[in-house]
Amino acid sequence: MLESGLLRPRVEVDPRDIGYAVEVVLSIGCRPGAVQRLAASLADHPATRFLALTAASSVFTYGGVFRDEEHLADFLTGGFEGSEEVTSLECSLQLEVLKRYWAARP
């Protein structure tokens, strides 16, 4: 199953354990002509943990981790390549992660 790619084991690290105290989910909108450029930029950004193209009012659902609120604020106010392409942004700050993937938090 490993060779076929059906089974892909991975390690999940709690971001707080390595210095990332702030986790967010963002809904990001952009112009249709900018989708590919913005997707590449967001996918490349070191804070990005999850990025999906969505069929919703926003174009992307983004999950990211940040050292602190200042680091997040820098990102939200243009701290990534292609930020000028963003037309809408909604930020959901995760106050406490109760379950990550299939495991409840200890």
Side-chain angles (χ1 to χ4, degrees):
M1 288 201 304
L2 288 172
E3 288 179 16
S4 72
L6 183 63
L7 182 64
R8 294 179 287 178
R10 62 182 175 173
V11 174
E12 178 64 29
V13 176
D14 187 325
R16 294 173 299 180
D17 293 341
I18 57 172
Y20 293 90
V22 177
E23 290 186 69
V24 298
V25 174
L26 305 177
S27 296
I28 302 172
C30 68
R31 296 179 304 98
V35 171
Q36 295 303 321
R37 286 189 308 278
L38 188 54
S41 174
L42 289 169
D44 256 0
H45 195 278
T48 303
R49 292 192 57 184
F50 175 85
L51 180 65
L53 184 62
T54 60
S57 58
S58 61
V59 177
F60 299 106
T61 297
Y62 171 96
V65 295
F66 299 87
R67 290 184 302 277
D68 52 34
E69 289 84 0
E70 184 177 338
H71 187 211
L72 171 61
D74 288 344
F75 181 85
L76 294 177
T77 58
F80 59 94
E81 187 176 328
S83 62
E84 66 280 353
E85 304 285 4
V86 173
T87 58
S88 64
L89 180 66
E90 183 177 324
C91 180
S92 297
L93 182 63
Q94 297 176 19
L95 299 177
E96 181 180 0
V97 175
L98 304 172
K99 183 176 182 179
R100 191 178 303 281
Y101 300 101
W102 295 281
R105 295 289 306 143

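- Checked against side chain to side chain contact (heavy atoms under 4.5 Å, CB included), E70 has the following partners two or more places apart in sequence or in another chain: D68, D74.
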If you apply the rule side-chain contact (heavy atoms from CB on, under 4.5 Å), what do you find for V86 with F80, and how did you get there? CA-CA 11 Å; V86 173; F80 59 94; 3.9 Å; yes
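- Alongside Y20, the hydrophobic cluster contains V11, V13, I18, V65 (criterion: ILVMFWY side chains under 4.5 Å).
- A donor-acceptor pair under 3.5 Å links the side-chain atoms of T77 to the main chain of A73, judged by distance alone.
- For residues 29-40, the salt bridge (charged side-chain N to carboxylate O under 4.0 Å, His left out) pairs, not counting sequence neighbours, are R31-E85, R37-E85.
- Among residues two or more places apart in sequence or in another chain, the side chain to side chain contact (heavy atoms under 4.5 Å, CB included) test is passed with S27 by S58, E90.
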Hey, can you pull the donor-acceptor pairs under 3.5 Å for the side chains in residues 38-48, sequence neighbours left out?
{"unit_1": "S41", "atom_1": "OG", "unit_2": "E81", "atom_2": "O", "d": "2.2"}
{"unit_1": "H45", "atom_1": "ND1", "unit_2": "A47", "atom_2": "N", "d": "3.0"}
{"unit_1": "T48", "atom_1": "OG1", "unit_2": "L42", "atom_2": "O", "d": "2.6"}
{"unit_1": "T48", "atom_1": "OG1", "unit_2": "H45", "atom_2": "O", "d": "3.4"}
{"unit_1": "T48", "atom_1": "OG1", "unit_2": "Y62", "atom_2": "OH", "d": "3.1"}

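- By the side chain to side chain contact (heavy atoms under 4.5 Å, CB included) test, T61 is found to be paired with V25, F50, T54, residues two or more places apart in sequence or in another chain being considered.
- Applying the salt bridge (charged side-chain N to carboxylate O under 4.0 Å, His left out) definition to pairs two or more places apart or across chains, none involves residues 52-61.
- Atom CD1 in I28 sits 8.5 Å away from atom OG in S88 (nearest 0.5 Å).
- Under the side chain to side chain contact (heavy atoms under 4.5 Å, CB included) criterion, L53 pairs with V35, V59, F60, not counting sequence neighbours.
- The local environment of CD in E84 is crowded, with over 12 non-hydrogen atoms from other residues, nucleotides or ligands closer than 6.0 Å.
- Of all the heavy atoms in R16 and A21, the pair that sits closest is CG-CA, 4.4 Å.
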Please report the C-alpha distance between L26 and L76 in whole Å, then the side-chain angles of each, then the deciding distance to 0.1 Å, and finally whether the side-chain contact (heavy atoms from CB on, under 4.5 Å) criterion is met. CA-CA 10 Å; L26 305 177; L76 294 177; 3.9 Å; yes
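- Few gaps surround CZ on R49; more than 12 heavy atoms of other groups in view lie less than 6.0 Å from it.
- Partners of E23 according to the side chain to side chain donor-acceptor pair (under 3.5 Å) rule, which considers only residues two or more places apart in sequence or in another chain, are R100.
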